[in-house]
Amino acid sequence: MEELKKRWQSQMRCRLNVVKWVIITLIVVIFARLIYIQFYDSNIGEVSKQVHKNLISHQTINAKNGRILARDGSVLATTVERKEIFFDMASHGFDREEEFVEQADSLSKLLSQYFGKHSASWYADTMKTIHNRAIRRDSIGFKVEDKRSLFGKLFGSKKNIDTLPVYKVTRRHTYTRLFRDVDANEWATLSRYPILNESLGQVYNHTLKPIRIYPHGDLARRIIGRTDVENPYGIEYAYRDTLMGKNGKVYLQYMAPNFKAKIENDTLKTTPAIDGYDVVTTLDMELQDVADRALRQSLTEQGGEWGTTVVMECATGDILAMVNLRRNSKGEYTEGINYAVAQRMEPGSTMKLATTILLLDKAGMSPEQKYNSGYGKKVKVGKYNEVADSHPIGTRKKPQIDLRTAFAESANVYFLKAVIDNFQGRETEYYSALCSLYLDRHPALTELEKSPNKVFLPKPGSSKWYGSTLGLLSYGYGLEITPMQTLTLYNAVANNGKMVAPRIVERIERDKEVVAQNPVKVLNPQVCTPTTLALVREYMEQVALTGTAKHYFSEEQTPFRVGAKTGTATAAKGVVYGEGYHLGSMVTYLPADKPQYTFITAIYKKKGKGSVAGASVAGPVQQRIATYLYNRETKWAERLIVSDVKQLPTDVKGGNIEHISNVASHFDLATSYTTPTGWGTTVTGINSITIHSTVADRRLVPDVVGMGLSDAIFLLESRGLRVQFSGSGKCVYQSIAAGEPIKQGAKIRIRLE
């Protein structure tokens, strides 16, 4: 027994020794491996990176893009976040067939009511069809399922033995969008709907998508611009680096399934997002709206191909309004290229301002110098030039006219003779003087268009300078310039001879703090002598009173005085002349004695419907803009009767209820309403305003009768309608009645009076 015990102990010691040496060997191997990895393994860096990659991730902190603002701070362009909702139709949550069908039907009805774009059956059929395609079941055999009790199994009962088919399930994770992007307010409602409330689990995903919105719709869209097109343009393009924010980064460490925590150390530092800057423009959106409607109306009445109107502030060169419209294939007028900046054409008689300045300052010609106008007949001057005036000037017996009459009546013959007499043999001096007036290059704003046309002013001695060029230049042919160049020259005359560059961006801001200021840029401190300046200003006023613009600015037409010049040029269609196309234009500054605004209108059209003369084509637009500016500046005329009696408004437009209440409190008017926020129409009584809230349901057409244009357009377009309008004032008619269900993208017409 003792011997057996010793043998057992010996065997145990042997086994323990084996285990001991196995453990020691493993420890040595592990330590050796650790030393090798630490000091000799060349792949340690890659392994460390892989571990780091699996444990550490980063998340982008999205920066906000800057806004584009009007001069009064109103928003022209801003970025909002919208949610994109994608359904995974192969999700396991949809495997519960009965629940899926039931909840899909409920969701379809709710989506149809909310968006109104499709019927409930369309939503339901779409979900079921795509779901059936996304999950494929292939039969691979049968399965026996024994549901017998223990007694049945023991004694051989065959009841409750089922043979079931066995399928191989193949899932195609297709992502389906059932509705458009939605904002946070809309998602707050939608997320309570079946399926969207995750009643079947996470069967969809949503991503935040930044959307650029433009509260004023199509108004000034060419200037505001776009960057998401093949040929980007406008302020969005020119100031893209300024507007675009810089995204930040935060590092996250994996802690547990579906849980990560933010980490930060010396090597993994959080980079905060830097929001983009705000760009404050010089645009006056009320004036932009007036100019847009005036140009649109004139183009429609005249049948024009395209047109542009620009309003500039004399002292600063600030562009207060810039409209560019062209006729599309449907006959509608929409924002086209920036014709004011990028379209070069022969200007016609508006060039005679530059010619007059050169004749008086460079040639020293007397303003009393007279030439025979030919009284409407074609006159040949020199060897190469032949021209006639558009109408007889002077009298048949006394066709001799002076410079004042020639300018007022836009006499081509006079200017041709004067330039040939005074500058033949001095062509280089003539060319240099035109260059000093910035007629050989763009003065500014070319950054608004990606590829603006280069201007063309032929140089003496070059292959483009012909024997007739000097004479042609005198009345606006033989060169090609932009409306902006013409406006800049006329604005210099209005600005007491100082030529300033056009300016569309005044400053750059962040959180209302000025980061950079765009100063007024002086191009030429004095374009002419004071004597010449006084004469050309007198001549321009005469154009308005008795000359080619008298039908729009004579004493019988307007209560204010302006300076003006008209221009008519035969134009090419592409490179072909003789098809009846003309460019009609007019430049005006207001008021005549102390100008504050200069504005130009140029319209390109074919002869046929209406006149092609510059005054007839552009005059109506110029008159409407001038009248608006004059009426807006109450200091220009004493039209109000001063009285101690408090004057109360007789009518208040509808719109934002909070804004209406503020106006009412300013005038101490009693205000009544059903809700203090939202949108509404008004009834103005004696010392009171009653506000009726319009329908708040975004699926129904709101009541905009009684609202102003900007409020009506904003409210209708925010609900997915496309607005067409006519007239001015407040809305008196809408083509779709309030309370009707909205069909997304439907057109609604409103009329203002």
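These numbers come from a predicted model, not from an experiment. Heavy-atom basis, side chains included; hydrogens, waters and symmetry copies ignored.
- Nearest approach of Gly245 to Asn65, heavy atoms of both residues: N-OD1, 3.3 Å.
- Within the 4.5 Å cutoff, side-chain heavy atoms of Arg296 are placed close to those of Asp292.
- No donor-acceptor pair under 3.5 Å is formed between the side chain of Ser91 and the backbone N or O of Phe94.
- Ala124 and Asp105 get closest at one heavy-atom pair: CB-OD1, 3.7 Å.
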*Determine, stepwise, if the pair Ile235 / Ile504 fulfils side-chain contact (heavy atoms from CB on, under 4.5 Å).*
CA-CA 9 Å; Ile235 295 170; Ile504 194 72; 4.1 Å; yes
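- Under a 3.5 Å cut-off, the side chain of His131 and the backbone N or O of Met89 do form a donor-acceptor pair.
- A distance of 8.5 Å separates CD1 in Ile736 from CD1 in Ile742, rounded to the nearest 0.5 Å.
- Closest heavy-atom contact between Ile508 and Thr242: CG2-CG2, 3.7 Å.
- Remark: the backbone N or O of Asp183 is paired with a side-chain donor or acceptor of Glu186 at under 3.5 angstrom.
- Remark: Tyr214 engages no residue in a ring-ring contact (aromatic ring centres under 6.0 Å, His included) (not counting sequence neighbours).
- The line from NE2 of His118 to OG of Ser112 is 9.5 Å long, rounded to the nearest 0.5 Å.
- Within 6.0 Å of atom NZ in Lys128, more than 12 heavy atoms from other residues, nucleotides or ligands are found, so the atom counts as buried in its surroundings.
- Remark: side-chain polar atoms of Thr271 are not paired, donor with acceptor, to backbone N or O of Gly248 under 3.5 angstrom.
- Side-chain atoms of Thr227 and Arg240 include no donor-acceptor pair closer than 3.5 Å.
- For the pair Arg699 and Glu740, the salt-bridge criterion is not met [side-chain N within less than 4.0 Å of a carboxylate O].
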*asked:* Checking Ser199 against Gln103 for the side chain to side chain donor-acceptor pair (under 3.5 Å) test, could you report, in this order, the C-alpha distance in whole Å, the side-chain angles of both residues, the deciding distance, and whether it holds?
replied: CA-CA 9 Å; Ser199 54; Gln103 297 204 29; 2.4 Å; yes
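- Of the possible polar contacts, one joining the Arg221 side chain to the Gly225 backbone as a donor-acceptor pair under 3.5 Å is found.
- Taking 4.0 Å as the cut-off between side-chain N and carboxylate O, Glu236 and Arg212 count as a salt-bridged pair.
- Lys209 has a carboxylate O that lies under 4.0 Å from a charged side-chain N of Glu84, or vice versa, which qualifies the two as a salt bridge.
- Around the CZ atom of Arg67, the shell of radius 6.0 Å holds no more than 12 heavy atoms that belong to other residues, nucleotides or ligands.
- Applying the side-chain contact (heavy atoms from CB on, under 4.5 Å) criterion to Ile274, with sequence neighbours excluded, gives Lys246, Arg510.
- Looking at every heavy atom in both residues, Leu283 comes nearest to Ala220 through CD1-CB, 4.5 Å.
- Side chains of Tyr277 and Tyr239 form no contact here, defined as non-hydrogen atoms less than 4.5 Å apart.
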_Walk me through whether Asn338 and Met322 qualify under side-chain contact (heavy atoms from CB on, under 4.5 Å)._
CA-CA 9 Å; Asn338 197 320; Met322 183 187 292; 3.3 Å; yes
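- The neighbour count for Glu102 CD, taken as heavy atoms of other residues, nucleotides or ligands under 6.0 Å away, does not exceed 12.
- Here the side chain of Tyr333 pairs no donor or acceptor atom with the backbone of Leu295 at under 3.5 angstrom.
- For Thr270 (side chain) and Val250 (main-chain N/O), no donor-acceptor pair under 3.5 Å exists by modelled atom type.
- Taking CG of Asn132 as the reference point, atom CD1 of Ile130 lies at 10.5 Å (rounded to 0.5 Å).
- A donor-acceptor pair under 3.5 Å links the side-chain atoms of Thr308 to the main chain of Val323, judged by distance alone.
- Classification of Arg722 and Glu332 as a salt-bridged pair fails, no side-chain N sitting under 4.0 Å from a carboxylate O.
- Counting non-hydrogen atoms of neighbouring residues, nucleotides and ligands closer than 6.0 angstrom, the CG atom of Asp511 reaches no more than 12 such neighbours.
- Partners of His206 by ring-ring contact (aromatic ring centres under 6.0 Å, His included), not counting sequence neighbours, listed by chain and number: Trp187.
- For Lys109, the salt bridge (charged side-chain N to carboxylate O under 4.0 Å, His left out) criterion is met by no residue, not counting sequence neighbours.
- Take Phe115 and apply the ring-ring contact (aromatic ring centres under 6.0 Å, His included) test, not counting sequence neighbours, and it matches Phe179.
- Scanning for ring-ring contact (aromatic ring centres under 6.0 Å, His included) contacts around Tyr339 gives Trp306, with sequence neighbours left out.
- Residues Arg192 and Asn197 fail the side-chain proximity criterion, which asks for heavy atoms closer than 4.5 Å.
- At least one side-chain heavy atom of Lys83 sits less than 4.5 Å from a side-chain heavy atom of Leu208.
- Between Ile195 atom CD1 and Ser106 atom OG the span is 8.5 Å, to the nearest 0.5 Å.
- At a cut-off of 3.5 Å, with distance as the only test, a side-chain donor of Arg171 or His92 sits close to an acceptor on the other residue.
- Within the 3.5 Å criterion, the main-chain N or O of Gln734 finds no donor-acceptor partner in the side chain of Arg751.
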*Please lay out, stage by stage, how Leu715 and Met707 fare under the test side-chain contact (heavy atoms from CB on, under 4.5 Å).*
CA-CA 10 Å; Leu715 186 54; Met707 294 186 186; 3.8 Å; yes
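- Within 6.0 Å of CD on Gln202 lie more than 12 heavy atoms contributed by other residues, nucleotides or ligands.
- In Asp218, the CG atom is not crowded: 12 or fewer heavy atoms of neighbouring residues, nucleotides or ligands sit closer than 6.0 Å.
- For Glu286, the CD atom sits in a loose shell: 12 or fewer heavy atoms of surrounding residues, nucleotides or ligands are nearer than 6.0 Å.
- Contact of the Tyr733 side chain with the Val705 side chain is not registered, since no non-hydrogen atoms from C-beta on lie closer than 4.5 Å.
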_Go through it in stages, so that I can follow the logic: the residues are Ile224 and Thr281, the test is side-chain contact (heavy atoms from CB on, under 4.5 Å), and I'd like the CA-CA distance, side-chain angles, deciding distance and then a yes or no._
CA-CA 9 Å; Ile224 298 170; Thr281 71; over 6 Å; no
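- Taking every heavy atom of both residues into account, Val203 and Gly93 meet most closely at CG1-CA, 3.9 Å.
- The two atoms that bring Ile213 and Arg82 nearest to each other are CG2-NH2, 4.2 Å, heavy atoms only.
- Residues Leu190 and Leu111 meet the side-chain proximity criterion, which asks for heavy atoms closer than 4.5 Å.
- The cationic atom of Arg226 (NZ for Lys, CZ for Arg) does not lie both less than 6.0 Å from the six-membered ring centre of Tyr233 and within 45° of the ring axis.
- Counting heavy atoms from C-beta outward, Lys249 and Lys269 have side chains that stay 4.5 Å or more apart.
- Of the inter-residue distances, the one linking Ile68 atom CD1 with Leu76 atom CG reads 7.0 Å to the nearest 0.5 angstrom.
- In this structure, CD1 in Ile223 is found 7.0 Å from CG in Asn324, a value given to the nearest 0.5 Å.
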*Show your working on salt bridge (Lys or Arg N to Asp or Glu O under 4.0 Å) between Arg327 and Glu305 and close with a plain yes or no.*
CA-CA 6 Å; Arg327 186 171 57 196; Glu305 295 285 323; 2.7 Å; yes
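- Counting heavy atoms from C-beta outward, Leu200 and Glu99 have side chains that approach closer than 4.5 Å.
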